[in-house]
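Values below: every heavy atom of this structure, side chains too, minus hydrogens, waters and symmetry copies. Chain letters run A, B, ... following the sequence lines, proteins first and then strands; every chain starts at 1.
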Amino acid sequence: MRLQYQIILLMTVLLFSENISAASDVLLDNQDGSVTDITTGLMWQRESDNAARTYNDAKSYCNNLSLASHLNWRLPSIKELTSIVDYRSDSPAIGNVFAQSNSSTYWSNTQRADMQAESRVVFFSTGRVNSSFKTNLALVRCVRYIK
Amino acid sequence: MQIRVFCDAFLMDKNKTLFAFLSNWLLVAALLFASIAAYSHDNVVVIPILADEVQNFRQTGRVAKADTTREDYVPFGTQSVDKTTGLSWQPKDDNLEYTWLQAWAYCDRLEFGNRIDWRLPSVTELQSIVDYGRSSVPVIDFIAFPTTKSSRYWSATNGATKSTYAWYVSFSDGTVRTTDKNEKNFVRCVRDGRGFLLPFDFLN
């Protein structure tokens, strides 16, 4: 029944407001080393361990990560990773909730479709998106779906 | 006037009683909204809900944003509505390059699809239509966005430290960077209108 009420409520909202703006950065610190973004439904690792890894090492690091009593951590896609970039700030271009975030390069799991040897990265100094050879070193911030 | 509503995903769930009940209800609501939309715009309305997306929604609580595919865009009149973000996009740019200020003015003055509330997209909004899975250029859904150049497109986002710089998205390789506002780049405008979508899109 709860779902039913939810849908009725949403339909009412839909009726009266055509413009539902994308909610701004709503990031909740869960106090257990993780941060929840309720607008994207993603849970983030709050602090990177500041260890530079190759792409493959980064991937296995996330897959083996046990944090906030969850085991299903993974490397984020490039669009997931840029969803936490705060383009209003610089060095680091990320919200304060991600404590002591290093303004460095972070791996995403999105490989370049035209160059398989490269994967996408985000420079959290400014929020720039580029690609890097998988053998290069970069930092990691893991992610998981809330559910 | 023509109304087409694709709701094949619902038919998969006949065994789930509550869902079957709701889906009928949703279908009626969808048809109602589709007809309102068709009346007000006198255009084809297509509302595709794909089975695997509904499945994905149930498992994750959200529709995947990571990889855009052709089905992510719903032609709504003359615009392209992105089902995931709810943004309406100008499908074709005007093949002209503008400085950053001219780009603002262009979107501000744009009258298109009976709408005047077009604006320059933020860098995150513009990046949301990059298709990183594409190995050929431009890295964008070329059916929803024909005439896209493998070149830079302006965003409205200012550089955080240099006020003379602004962010752009390159559709040649999906990179996102800043450049001087006096440089001339292409422009694609956006507006916030959701169009008419099924309530599923509001649950994520």
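Applying the side-chain hydrogen bond (donor to acceptor under 3.5 Å, both in side chains) rule to A:R46 yields the partners A:D29; only residues at least two apart in sequence or on another chain are considered.
In terms of heavy atoms, A:S89 sits closest to B:A160 at O-CB, 3.7 Å.
In A:D32, the CG atom is crowded: over 12 heavy atoms of neighbouring residues, nucleotides or ligands sit closer than 6.0 Å. By the neighbour-count criterion of 12 heavy atoms within 6.0 Å, atom CD1 of B:I116 is sparsely surrounded, having that number or fewer from other residues, nucleotides or ligands.
At distances below 3.5 Å, at least one donor-acceptor pair connects side-chain atoms of A:K79 with backbone N or O atoms of B:V130.
Most heavy-atom pairs under 4.5 Å with chain A, from the set B:T161, B:T157, B:V139, B:V137: that is B:T161.
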- request: Using the side-chain contact (heavy atoms from CB on, under 4.5 Å) rule, take B:Q127 and A:I78 through it: C-alpha gap first, then chi angles, then the decisive distance, then the call.
  value: CA-CA 10 Å; B:Q127 197 213 8; A:I78 189 64; 4.2 Å; yes
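Under the 4.5 Å side-chain criterion, counting only non-hydrogen atoms from C-beta, A:R88 is not in contact with B:N158.
If you take CG on A:D90 and OG1 on B:T178, they are separated by 9.5 Å, rounding to the nearest 0.5 Å.
Residues of residues 112-137 of chain A that come closer than 4.5 Å to chain B, counting heavy atoms only, are A:R112, A:A113, A:D114, A:R120, A:T126, A:G127, A:R128, A:V129, A:N130, ordered by residue number.
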